[in-house]
Number of protein chains: 2
Amino acid sequence: MEPATGTHAALAPIPANNAAGTDINPCSACPVRSLSVCSALEQEELRRLAEILVNMKVEPGHTMFSEGDKADMLFNVTSGTMKLYKLLPDGRRQITGFLLAGDFMGLSVNDTYAYSAESVTQATLCRFPRRRLEALLEDYPKMQRRLFAMASNELAAAQDQMLLLGRKNAKERIASFLLLLSQRAVRRGFKDNPVHVPMSRSDIADYLGLTTETVSRTFTQLKTSRVIALMEGGKVKINDRDALQDLADGAA
Amino acid sequence: MEPATGTHAALAPIPANNAAGTDINPCSACPVRSLSVCSALEQEELRRLAEILVNMKVEPGHTMFSEGDKADMLFNVTSGTMKLYKLLPDGRRQITGFLLAGDFMGLSVNDTYAYSAESVTQATLCRFPRRRLEALLEDYPKMQRRLFAMASNELAAAQDQMLLLGRKNAKERIASFLLLLSQRAVRRGFKDNPVHVPMSRSDIADYLGLTTETVSRTFTQLKTSRVIALMEGGKVKINDRDALQDLADGAA
DNA sequence: AAAAAGCTTTGATCCAGGTCAAGGCAGGGC
DNA sequence: GCCCTGCCTTGACCTGGATCAAAGCTTTTT
């Protein structure tokens with residue numbers, strides 16, 4: 001049994017019905033479960049593992065861990081949105097990614113986290129001792145394969161983001177961002193239009209390498225040109241997807 | 001035997017003494033060899049694989065593959081420097097990384113390359129059918145592990161680069177770049193000072209999200225303030241590593 | 001319901017780095 | 001040797017997005 005650690009004291013463990021013995025649902029997104037899809041992971045093994053999982057629920061703005069902390073825990077997002085970011089000493093921030101249900105965080109090559117993680121919305125996560133995963137990987141090579149595929153996908157996304165940060169202008173960045181959110185929504189079976197944009201202007205700015213003012217002005221421009229419409233509840237209606245796509249590709 | 005494909009026609013296969021049966025040197029960097037370090041890969045297996053490897057030598061500026069090409073080949077750099085980049089339709093370019101001896105390129109989740117690859121200097125590479133690697137991974141799980149570690153490292157580097165591109169100014173970018181080159185040199189057992197900078201101003205600019213003019217001016221500034229000295233042969237002498245480090249971290 | 005605290009938007013101004021233009025300098029071909 | 005070509009550097013100017021400032025709007029507190 002893992003006792004709640006100091007840094008995670010504020011986290012409320014969910015009493016939860018996904019304790020040991022729950023049915024194996026590939027998409028319910030706990031690490032064991034999402035990874036077990038393609039492995040011959042056995043019931044008994046799964047049951048043992050479920051015992052060391054800790055499900056937790058956090059409010060918006062809760063810091064899960066910070067860059068440089070000892071990385072002995074691994075998290076799997078089960079609902080809500082998280083943000084990963086890096087800071088410069090003077091406070092400048094770069095958000096490297098937003099995570100949704102099913103995404104992993106906390107994987108690390110050396111023994112400290114390479115970034116900080118904070119909740120954007122209310123979120124639920126599944127915590128898991130890193131060592132245990134490593135042990136699991138020894139026994140179930142197919143999990144390793146799955147993990148590698150995940151890392152490869154993240155890497156491809158990171159390369160797209162480098163192109164955006166290094167070479168796109170403000171309008172192109174916002175267009176790319178909206179399409180990304182829209183595509184991710186589709187992939188997860190949610191409605192892709194209007195797009196739900198749960199993060200603040202400041203988070204968007206720090207993700208796109210802009211300022212809140214520029215983000216706001218650019219949204220206004222896109223709204224004025226009828227490409228999008230801003231709706232209440234942080235929703236954005238995409239009126240002209242082709243125009244947005246051309247902008248995002250830098251073709252316009 | 002793999003016939004030379006159309007796109008690789010210009011590549012000169014090296015007659016080479018690293019054909020089948022050569023000694024197994026972990027750091028000689030062909031994929032089989034560098035991966036075999038931590039696997040129980042057997043002599044016989046290795047010998048069979050060496051037969052399908054194609055060693056090649058390319059001149060500076062040679063395109064190995066382009067974004068969108070069918071990704072059926074995998075490459076391992078054995079000497080020289082390569083660059084990976086993405087383009088926007090209007091020609092804006094973002095270099096996502098420079099590869100040195102021992103680095104892999106061409107790994108891809110779907111079946112097309114996500115970026116283009118071109119040689120910066122004269123370089124030698126080892127070409128390898130992707131399918132063959134996949135088959136190998138089935139049999140040797142530890143290779144998978146190694147590959148995952150590589151992808152994780154690349155991912156961490158990509159996140160550092162996002163911070164650089166999104167939030168650092170020109171001086172901080174150049175400082176970070178020089179320190180990166182220096183550190184990589186050390187890790188590979190080369191002299192780290194003066195640093196060898198084999199790429200053109202234009203490549204540096206496209207890697208750092210700047211223009212050639214700004215790169216040039218910034219080098220001049222650092223030279224004027226005695227932090228570095230520009231030497232002949234594309235070498236840069238680091239005079240004040242601490243100052244450079246403070247700049248790179250955004251602490252100055 | 002009023003006050004307070006945070007976002008978000010909009011406006012006015014500024015400046016780091018981009019753009020445009022012109023030399024400088026080194027290597028290669030003849 | 002001398003031109004040609006392709007970097008690299010430097011200068012002059014411009015601009016997209018940052019910065020600074022001030023309202024709106026929303027949400028929370030009391």
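Within every chain, numbering begins at 1; the chains are lettered A, B, ... in the order of the sequence lines, protein sequences first and strands thereafter.
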Between C/dT13 atom P and A/Arg217 atom CZ, what is the distance in whole Å? 13 Å
Filter on ring-ring contact (aromatic ring centres under 6.0 Å, His included), then keep only pairs touching residues 155-185 of chain A, sequence neighbours left out; what's left? A/Phe177-A/Tyr207
Can you confirm whether A/Leu222 sits close enough to A/Lys171 that some side-chain heavy atom of one is under 4.5 Å from a side-chain heavy atom of the other? yes
Could you state the CG-P distance from A/Asp206 to D/dA18, rounded to the nearest angstrom? 11 Å
Nucleotide by nucleotide, nucleotides 21-30 of chain D touches protein heavy atoms under 4.0 Å in the pattern (B base, S sugar-phosphate only, - none) ----------
Below 4.0 angstrom from OP1 or OP2 of C/dT9, is there any side-chain N or O of A/Thr220? no
In terms of side-chain heavy atoms, does B/Ser79 have a donor or acceptor partner in B/Thr124 at a distance below 3.5 Å? yes
On a plain distance test, is the side chain of B/Arg201 in donor-acceptor contact with the base of D/dT10 below 3.5 Å? no
Would you call the rings of A/Phe65 and A/Tyr115 parallel, tilted or perpendicular, where under 30° means parallel and over 60° means perpendicular? tilted
Do any of residues 158-174 of chain B sit with a heavy atom less than 4.0 Å from DNA chain C, and if so which? B/Asn169, B/Ala170
Think B/Arg184 forms a cation-pi with B/Phe98, using NZ or CZ under 6.0 Å from the six-ring centre and within 45 degrees of its axis? no
How would you label the contact of A/Thr212 with the nucleic acid (heavy atoms, under 4.0 Å): base, sugar-phosphate, or nothing? nothing
Any salt bridge linking B/Asp160 with B/Lys168? Criterion: basic side-chain nitrogen under 4.0 Å from a carboxylate oxygen. no
With sugar-phosphate meaning primed atoms plus P, OP1 and OP2, does B/Ser216 contact a base, only sugar-phosphate, or nothing at under 4.0 Å between heavy atoms? base
Any A/Leu165 side-chain heavy atom under 4.5 Å of A/Arg173 side chain: yes
To the nearest angstrom, how far is A/Leu210 atom CG from C/dT8 atom C1'? 16 Å
Looking at side-chain heavy atoms only, is the closest gap between A/Leu163 and B/Thr96 below 4.5 Å? no
Is A/Thr214 close enough to D/dA18 that one of its side-chain N or O atoms is under 4.0 Å from OP1 or OP2 there? yes
CD of B/Gln221 versus P of C/dA16: gap in Å, rounded? 10 Å
Go through the steps for B/Val236 and B/Leu181 under the test side chain to side chain contact (heavy atoms under 4.5 Å, CB included), then give the verdict. CA-CA 10 Å; B/Val236 175; B/Leu181 288 191; over 6 Å; no
Nearest whole Å is fine: how far is D/dA18 C1' from A/Arg92 CZ? 13 Å
Does A/Gly209 reach a base, just sugar-phosphate, or nothing at all? Heavy atoms under 4.0 Å. sugar-phosphate
